[in-house]
Amino acid sequence: MTKPRFTFSSLKGIPDVLPPETILWNKIESAACEVFGSCGYDEIRTPVMEPSELFLRSIGESSDIVAKEMYSFTDKGGRGISLRPEGTAGVVRAYVEHNLPVRPAPQKFFYRGPMFRYERPQKGRQRQFHQIGAECFGASHPGMDAELVMMLMAFLEKAGISGLSLEMNSIGCPECRAAFKERLRAYFGPHLPELCPDCNRRFEQNPLRILDCKVERCIEIGADAPLISESLCPECRRHFDSVLALLTAMKTPYAVNPRMVRGLDYYTRTVFEVKSGRLGAQNAVAAGGRYDLLVSEFGGPETPALGFAAGMERLAKLLAEETLFKDLMEKTGGQPEVFIAPLGDAAGAAALVSAGLMRSRGIRVEIGWDGSLKSKLRRADKMGAKLVVIIGEDELKSGMYKWKDLKSGESGEIGAAEIPGLLSR
RNA sequence: GUGGGCGUAGCUCAAUCGGCAGAGCACUGGACUGUGGCUCCAGUGGUUGUGGGUUCAAUCCCCAUCGCCCACCCCA
């Protein structure tokens with residue numbers, strides 16, 4: 001072996017996902033497909049790259065995501081391009097570009113895939129991460145808000161993730177939010193010297209964020225700050241009350257968090273977050289809300305819309321801790337049902353034929369090509385195979401293969417075609 | 001971008017005051033010629049993240065750099 005001149009590793013904050021963790025991902029994704037499908041959502045796949053302008057216009061230039069976290073570059077044609085930092089902008093672009101508003105409302109989509117943000121990695125946060133999300137266009141009724149939230153919770157439950165809490169808030173329409181910001185500035189203005197440097201910056205950029213500052217003094221000062229719920233216009237108030245009433249009626253547990261803020265500029269009215277206490281500082285596993293103005297800002301007709309996104313890595317981390325799923329992993333985590341040990345070249349052909357028959361029936365079969373019979377068996381055991389089938393010269397002659405159940409130690413002989421029957425005993 | 005912690009075998013970790021880089025697990029093979037697990041034996045595996053500096057001598061001390069972890073900012 002010559003020593004490699006260079007070694008490579010994946011980029012900072014952009015890790016590989018290896019088995020058996022990928023099995024968790026598949027389980028989460030299949031739960032999503034099933035639940036979302038039953039709610040009338042179909043999958044949409046949009047590019048991972050979009051014009052940078054798309055994100056500037058949707059997420060908002062003041063957001064850190066756009067200001068400093070985008071992977072942006074200029075392509076050979078001089079176009080400004082960015083890797084998507086979130087999924088909604090692309091879906092809205094596709095919705096408008098393909099004139100989907102002419103299809104009957106509501107139009108409902110879900111998506112999944114990698115997102116990119118140039119941030120310092122920490123627990124639950126990476127530079128490439130994966131989201132699975134849903135978007136619904138053309139429904140303004142609060143019933144759709146409640147339905148979307150319930151769909152999200154049903155998905156998480158179906159995926160097998162427990163210990164989550166749902167927080168609801170309304171950040172109103174641009175009118176009531178603007179009024180609220182002024183009330184906040186009026187309240188915090190006199191306290192500016194006492195607030196932390198970050199909050200002094202927030203005071204200018206987005207005073208709502210002062211409300212969820214983590215500095216103790218800021219929390220104290222903010223304790224008596226006005227709440228958005230007191231500033232909502234009658235329409236927004238009615239909408240929010242209606243959403244909450246529906247959740248209550250459906251016995252979906254939630255808590256109103258009047259201090260919840262969203263990171264993206266496009267949200268209006270309903271916003272929500274699903275949190276876990278087991279994820280460190282990055283405790284949100286899913287978040288979303290209504291964005292009634294974004295479609296028209298993208299050149300489409302005025303179209304109310306709402307959606308959410310869930311973080312796959314965070315969900316997978318939680319799911320990996322579920323004891324229920326640990327058991328499942330032990331039973332099905334990439335373990336062959338049948339391990340065929342051929343001895344000699346002629347037996348190899350017979351092993352392939354036999355394996356092919358079983359595999360076409362969906363049985364997971366491993367063939368042990370290398371090593372002695374002993375090492376083959378040892379490997380079968382380590383792989384967690386249920387059944388070993390041995391094919392040597394004697395077996396080829398008689399057509400009866402030796403088998404052994406590695407759990408019970410039972411063994412015997414059986415015709416090649418009968419092997420699957422042994423599995424269902 | 002800011003602050004703190006940590007980098008020794010695939011993994012978990014040792015290495016006395018600065019003095020020959022080790023163990024367990026894992027992997028491969030053998031003991032047992034065609035029957036796994038248990039036991040025993042052996043083997044593979046390292047420029048101690050990288051580059052400088054101090055020193056007779058550096059895994060150890062110093063500097064830089066890269067990476068990882070945690071937190072802030074921000075966010076799924």
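Within every chain, numbering begins at 1; the chains are lettered A, B, ... in the order of the sequence lines, protein sequences first and strands thereafter. These numbers come from the heavy atoms of this one structure, side chains and all, not from hydrogens, waters or symmetry mates.
Atom OH of A:Tyr111 and atom P of B:A76 are 10 Å apart (whole Å). To the nearest angstrom, P of B:C70 lies 10 Å from CD of A:Gln282. Rounding to whole angstrom units, CZ of residue A:Phe339 and C1' of B:G34 are separated by 15 Å. The distance from atom CD1 of A:Ile219 to atom C1' of B:C72 is 14 Å, rounded to the nearest whole Å. Atom NZ of A:Lys68 is separated from atom P of B:U2 by 10 Å (rounded to the nearest Å). As a whole-Å value, the separation of A:Met383 CE from B:C27 C1' is 14 Å. In this structure, A:Tyr266 places its OH atom 11 Å from C1' of B:A76, rounding to the nearest Å. In this entry the distance linking CD of A:Glu119 with C1' of B:A71 reads 14 Å, nearest Å.
Each salt bridge (charged side-chain N to carboxylate O under 4.0 Å, His left out) pair with one or both residues in residues 273-293 of chain A, not counting sequence neighbours, appears once here: A:Asp145-A:Arg290, A:Glu167-A:Lys275, A:Arg262-A:Glu273, A:Glu273-A:Lys275, A:Arg278-A:Glu321, A:Arg278-A:Glu322, A:Arg290-A:Asp292. Screening residues 124-143 of chain A for salt bridge (charged side-chain N to carboxylate O under 4.0 Å, His left out), with sequence neighbours left out, gives A:Glu119-A:Arg125. Contacts classified as salt bridge (charged side-chain N to carboxylate O under 4.0 Å, His left out) and involving residues 337-353 of chain A (residues at least two apart or in different chains) are given here: A:Glu337-A:Lys386. Among residues at least two apart or in separate chains, salt bridge (charged side-chain N to carboxylate O under 4.0 Å, His left out) pairs with a member in residues 189-199 of chain A are A:Glu194-A:Arg217, A:Asp198-A:Arg201.
Among the atoms of the strands shown, only primed sugar atoms or phosphate atoms (P, OP1, OP2) are found under 4.0 Å from some heavy atom of A:Gly280. A:Gly13 comes within 4.0 angstrom of sugar-phosphate atoms only, judged by non-hydrogen atoms across all strands, and of no base.
Set against B:A76, B:G34, B:C74, the side chain of A:Asp394 has B:G34 as its closest nucleotide. Side-chain proximity of A:Ile390 to B:U35, B:C69, B:C72: nearest is B:U35. Closest to the side chain of A:Leu343, from the set B:C74, B:G34, B:C69, is B:G34. The side chain of A:Lys214 lies closest to B:C72, out of B:C72, B:G36, B:A76. Distances from the side chain of A:Lys382 to the nucleotides B:U28, B:G34, B:C72 place B:U28 closest. The A:Lys404 side chain lies nearest to B:G36 when the options are B:A71, B:G36, B:A76.
Take A:Asp75 and apply the side-chain hydrogen bond (donor to acceptor under 3.5 Å, both in side chains) test, not counting sequence neighbours, and it matches A:Arg79. Partners of A:Pro258 under the side chain to side chain contact (heavy atoms under 4.5 Å, CB included) rule, at least two apart in sequence or in another chain, are A:Leu227, A:Val256. Not a single ring pair (Phe, Tyr, Trp, His ring centres under 6.0 Å) links A:Phe339 to another residue, sequence neighbours left out. Checked against salt bridge (Lys or Arg N to Asp or Glu O under 4.0 Å), A:Glu175 has no partners two or more places apart in sequence or in another chain.
Where A:Lys123 and A:Lys407 meet RNA chain B, the nucleotide closest to each residue was compared, and A:Lys407 sits on the side nearer the 5' end. Closest-nucleotide positions on RNA chain B for A:Glu273 and A:Leu279 were compared, and the one nearer the 5' end corresponds to A:Leu279.
The structure places CG of A:Leu152 at 13.0 Å from CD of A:Glu147, a figure rounded to the nearest 0.5 Å.
With respect to A:Glu297 and A:Arg57, no salt bridge is recorded, no charged nitrogen being found less than 4.0 Å from a carboxylate O.
At a cut-off of 3.5 angstrom, counting only N and O atoms as typed in the model, there is a donor on one side and an acceptor on the other between the side-chain of A:Glu395 and the base of B:G34. No donor-acceptor contact under 3.5 Å links the side chain of A:Asp381 to the base of B:G37.
When the P atom is used for both B:C62 and B:U16, the distance is 16 Å, rounded to whole Å. To the nearest whole angstrom, the two P atoms, one in B:C69 and one in B:G29, are 34 Å apart. Distance noted for atom C1' between B:U65 and B:G36: 49 Å (whole Å). When the C1' atom is used for both B:G46 and B:G7, the distance is 14 Å, rounded to whole Å. The gap from the P atom of B:U54 to that of B:U47 amounts to 25 Å, rounded to the nearest Å. Across B:C70 and B:U12, the matching P atoms stand 14 Å from one another, rounded to whole Å. The separation of B:U8 from B:C13, taken at their C1' atoms, amounts to 9 Å, rounded to a whole angstrom.
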Return all side-chain donor-acceptor pairs below 3.5 angstrom for residues 36-43 of chain A, not counting sequence neighbours, or 'none' if the list is empty.
| from | atom 1 | to | atom 2 | distance (Å) |
| --- | --- | --- | --- | --- |
| A:Ser38 | OG | A:Val35 | O | 2.7 |
| A:Glu43 | OE1 | A:Arg112 | NH2 | 3.0 |
| A:Glu43 | OE2 | A:Arg45 | NE | 3.1 |
| A:Glu43 | OE2 | A:Arg45 | NH2 | 3.3 |
| A:Glu43 | OE2 | A:Arg112 | NE | 3.0 |

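The stretch residues 369-380 of chain A touches RNA chain B through A:Ser372, A:Leu373, A:Lys374, A:Ser375, A:Leu377, A:Arg378, each having a heavy atom within less than 4.0 Å of the strand.
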Original post:
salt bridge (charged side-chain N to carboxylate O under 4.0 Å, His left out) between A:Arg93 and A:Glu50: does it pass, once the steps are laid out?
Top reply: CA-CA 9 Å; A:Arg93 194 220 78 238; A:Glu50 298 275 3; 2.5 Å; yes
Original post:
Can you list the steps and then say if A:Arg183 with A:Ser231 is a side chain to side chain donor-acceptor pair (under 3.5 Å)?
Top reply: CA-CA 9 Å; A:Arg183 290 186 63 191; A:Ser231 291; 2.8 Å; yes
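In RNA chain B, runs of at least 3 stacked Watson-Crick or G-U pairs (N1-N3 plus N6-O4 or O6-N4, or N1-O2 plus O6-N3, all under 3.5 Å) give these stems: B:1-7 with B:66-72, B:10-13 with B:22-25, B:27-31 with B:39-43, B:49-53 with B:61-65.
When the side-chain nitrogen and oxygen atoms of A:Arg262 are compared with OP1 and OP2 of B:A76, one or more of them lie within a distance under 4.0 Å. Here A:Lys12 reaches the OP1 or OP2 of B:C68: one of its side-chain N or O atoms lies under 4.0 Å away. Side-chain N/O atoms of A:Arg125 include none lying less than 4.0 angstrom from OP1 or OP2 on B:C70. Phosphate contact (OP1/OP2 of B:C72, side-chain N/O of A:Gln122, threshold under 4.0 Å): present. Taking only side-chain nitrogens and oxygens, A:Gln131 never comes nearer than 4.0 Å to OP1 or OP2 of B:A76.
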Contact list (N/O, under 3.5 angstrom) for nucleotides 9-11 of chain B vs protein:
none

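Tested against A:Glu313 for a side chain to side chain donor-acceptor pair (under 3.5 Å), the candidates A:Gln131, A:His130, A:Gln128 yield a single pass: A:His130.
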